[in-house]
Amino acid sequence: MIEHRQPAVYAIGAQRGFADVLASGLLRRFGADQMGLARVTLLIPNHRAGRAITEALVRHAANGLLLPRMALIGDIDLDESLGALLDPLGDGEPVPPAIDPLQRRFRLAAIIAREGAGRAGADDPAEALRLACEYARVLDQLQIEEKALDDLDSIDVEADLAEHWVAARDLFMRVGQAWARELAEAGRIDPADRRNRLLDKAAQRWRDHPPATPVIAAGITTAAPAIARLLRSISMLPQGMVVLPGLDLEMDEALWEAIGSPITTPPEPGAPPTEKPAITHPQFHLKQLLHAMTVSRAEVEPWQAEPKTGLAADRARLLRSIFLPARLSDRWVTLEAADRRTKGIRIIEAENPDEEAQAIALLVRQALDIPARRVAIVTPDRTLAARAVAHLRRWDIEADDSAGDPLPVTPPGRFLLAVAQCLADDFAPVALLDLFKHPLAQAGEGRLRWLDEVRDLDRRLRGPRPAPGLAGIDSAIGNRLLKAWWSDAKALLAPIAAWPRDPQPLSVTMAAIAATADALSGQAVWTGLAGRCASDLVQQLLARTDAHDPLVTPAQAVNILARLMREKAVRPPYGKHPRVAIYGLLEARLQSADLVICAGLNEGVWPQIPSPDPWLAPMVRNALGLPPLELRVGLAAQDLAGALASSEVVLTRARRDGSAPTVASRFLLRLQAVAPDRHMEDTATLALARRLDRRLPPVRIERPAPRPTREQRAARLSVTELDRLRADPFAFYARRILALPSLDPVDAEPSAAWRGILVHEILELWHRDDALDAAKLVPRAERFLQAANVHPLIKALWRPRLVAALDWIAQQTHADAATGRAMIDAERSGTFLIDGVEIRGKADRIDRMPDGSLVIVDYKTGTPPKARQVEAGYALQLGLLGMMAERGGFVAEGDRPAISGKAGGFEYWSLTRGKSGEFGYVESPVGRKNSTLTAETMLPTSEHFLREALQTWILGDAPFEAKLVPDQAIYTEYDQLMRLAEWYGRQGSGR
């Protein structure tokens, strides 16, 4: 047994770099003996701390040295395990092994689904897995704080809880009891429970058999009971020492007491309320750790003498002033100048996150000009960190980002998700093209040919979504040249080609996804660091047994895979800049650098808003004595205090994030309240960052008005193109002269043109093959819809409207026949010449009246043009088709006789709802109230506008101005080409 002595607990202030001061003290104490440092056992919180201490020892050593043995306590937040020293093999009675974390999550998800049947989300495997992740986190907290389920059961707060919180607590209890039984049957324990047992075992071993060499615990601040007992044991060893980071030994006693008493046990029912401790103060968790170690602050000694003057002393006083508890904030009024000194601290407030990232990158670039200068960027905002990394690449600087890249954003991770999404969407065009265009798809020598074929497939899949599955793609391709390539490409998708829509085991689904990714990439998906990480995850999912293998739909499999991937980070082991590091708040602890940039200092980012516990209500957590969620704010404050230990610190934030204004972090506001020093604002760096990417002088874009030569102007026009030519000559120019037809989007909504083509084909065959038999029209439409290669949802949504409208057409046609009006042809093409220009067109329908005159009918699946549009010359189709009929433009074609005669009627037959509420109505542009347009003036009016257009743009040399008549230029497919947004609105709006 060890002899009784004063606990050896030391502290290094937050204003000093922990790793450097610790290294200096170690060398001073043990560096005289060449082997002295090598005999030391150093307990550290995580791998990053070990790396920082190692680098500090190297910097401070005058000569070569043997490093101390380092053992990890293991930071459970960073998913790190205990080091070998604390988890030895064959040391007495073995501690049961811990269950695999992924296996635990799946088993908890299964229990939640079983015990919570009927509860929202419990029946969805993806949601159950999310709840299992949160459950495991709460379970770890309970075990770290050494709270049992029985403690939860004994809490009587139901009367004060909402019904859903009571239900959540009851489900938590049932799941916990079932989980305990499963662990007992498997002979396993939870990771946090095993961690506690190993720590207690090490503490007991050292108490019974004190090591003959020094044991030092450095940088550990967790106040968990097991860790506190271990630290207490180490502090009582003959050669044991505990070194705490950030503990303020110079703080006056009144301030120390104002922080409040540590949280130990929940308050007794009926006990008078006590004053709430300042849990958001950066010293609170350290005070709680000392209390758990049964050590008073008076027993703690400085690791090295703290300087009384200079930058470190000024920084210590500033930190003390910034983080004053609310009850002592009146001290700000009487603070001395020495308590407000901010030398070495700069503040940058950018307008937006990109400007902030640009300023950060510029600071890094300037710092690297100084040899051996080290830079650390500390931020909890991963998006801001990614922006800074991207800006640093301007100068070929690859920052060492401790968080790495999330697996889903790496090429292998994205490729696996693309395969899974393709399966979930049943080979919808967007998902299929996303997969085929991925860089890993057929990577290698055949990649260029593969992309050529994929581009052809892209063009074929534009428009409404085809039928589900690969059969829909087959129909879209048809018998074109693409078919041979598609057969080979389809073979690569064989593992997921005919996947059942009902739920399948997750392991089976993942096996099919992995096999498809393997075949489509030629195994390239598994190469590299990210590929190996993806392979490990897939192998873990394939190893699910029947008892741990949930039945999932493809969509649920995508959600599960994406969630698990987001928890995996890919960290390249080398190739990064040795003097530039990016840290999260956890990783930044105990780190040091010559320049520290604390980025993203906005409320909700630093400190982050604590995520609510979905299982235990705040009242239940308090009654259990669990650390409140707000304690994380105090830890964030301690992280900022540690970052401010650097001699040069830059604090940055953005005033806006996206379209919303931001609120500065409470820590930054406190600093500005304590030291309202305008000299802290780094306007020079911000101005330089803005100039770095300064925009070129704005170029005034005028309305496009190209003027092609006479030979380039079109010699043939369609009757439907004249409207576009008169309203938007540039769009006509782009389509006909530049030959730039617009493409439908992939997976587009059914356009009016698509619906119109389908209706016209149905009505044409109804006239030609069914002799206008009303009983055959709807069945023919049903057959057309059945054969159409479009998604069933589109068919289901449009079928009722189509059937109702076609019924109306059949009724209207037979009603007209009773008056002697006869439909003589449908979908009839014709041409005529005027001023040497060929005008061509197709009439949807031509009827003959009893007096021999013709009626030109145009079917509309949308709203027909208004009479004033026709009168103004922006809807000329009916009039031009009438001219075509009167000029003999509809010549005989095979068994279809020529059509000629006087055009006496012009009608739009709309298939939309009319004023009566029923589908289908007839509207004529002539003879309308308040209109001068009549059947007699229809053709002369149309001819006038036609000749005017031909003389102006086809036979003349007028420029093709963009949006000449904006109110009539209803098509937008060429707006980007004409750069509409850059000039429209500041010029005249046309005619």
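With a 6.0 Å cutoff to the six-membered ring centre and a 45° limit on the axis angle, Arg724 counts as a cation-pi contact of Tyr971. In this structure, Arg726 satisfies the cation-pi test against Tyr874, with its NZ or CZ atom closer than 6.0 Å to the six-membered ring centre and inside 45 degrees of the ring normal.
Checked for salt-bridge contact, Asp975 and Lys963 meet the test: a charged N lies under 4.0 Å from a carboxylate O. Salt-bridge check for Lys902 with Asp851: failed, with every basic side-chain N at 4.0 Å or more from each acidic carboxylate O. A salt bridge does not link Glu838 with Arg840: every distance from a Lys NZ or Arg NE/NH1/NH2 to an Asp or Glu carboxylate oxygen is 4.0 Å or more. Ion pairing between a basic and an acidic side chain is recognised when a charged N comes within 4.0 Å of a carboxylate O; Asp825 and Arg896 show such pairing. In summary, Asp458 and Arg462 engage in a salt bridge, as defined by a charged side-chain N under 4.0 Å from a carboxylate O. Of the charged side-chain nitrogens involved, at least one lies within less than 4.0 Å of a carboxylate oxygen, so that Arg887 and Glu943 count as a salt-bridged pair. Salt bridge Arg449/Asp452: absent, no basic N to carboxylate O contact under 4.0 Å. Classification of Asp434 and Arg414 as a salt-bridged pair holds, one side-chain N sitting under 4.0 Å from a carboxylate O.
Atom CG of Leu833 has more than 12 neighbouring heavy atoms from other residues, nucleotides or ligands inside a 6.0 Å radius. Residue Lys860 qualifies as enclosed at atom NZ: its count of foreign heavy atoms under 6.0 Å is above 12.
Proximity of a side-chain donor or acceptor of Glu886 to a complementary backbone N or O of Met883 within less than 3.5 Å is not detected.
Scored by the side-chain contact (heavy atoms from CB on, under 4.5 Å) test, Trp909 finds Trp808, Ile809, Gln812, Thr813, Asp816, Arg821, Arg845, Val857, Tyr859, Glu907, Val922 as partners (sequence neighbours excluded). The ring-ring contact (aromatic ring centres under 6.0 Å, His included) check on Phe415 picks up His438, with sequence neighbours excluded.
Between Leu725 and Ala949, the closest heavy-atom pair is CD2-CB, 4.1 Å. Smallest separation of non-hydrogen atoms from Glu961 and Pro729: O-CD, 3.0 Å. In terms of heavy-atom proximity, Gly879 sits nearest to Ser942 at CA-OG, 3.3 Å. In plain terms, the two heavy atoms of Tyr921 and Arg913 that are nearest each other are CE2-O, 3.6 Å.
In this structure, the ring of Phe436 has its center less than 6.0 angstrom from the ring center of Trp450.
Annotation: side chain of Thr819 is not in contact with side chain of Pro850 (no heavy-atom distance under 4.5 Å).
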Side chains of residues 420-430: which donor-acceptor pairs under 3.5 Å do they make with residues two or more places apart or in other chains?
from   : atom 1 : to     : atom 2 : distance (Å)
Gln421 : NE2    : Asp425 : OD1    : 3.1
Gln421 : NE2    : Asp425 : OD2    : 3.3

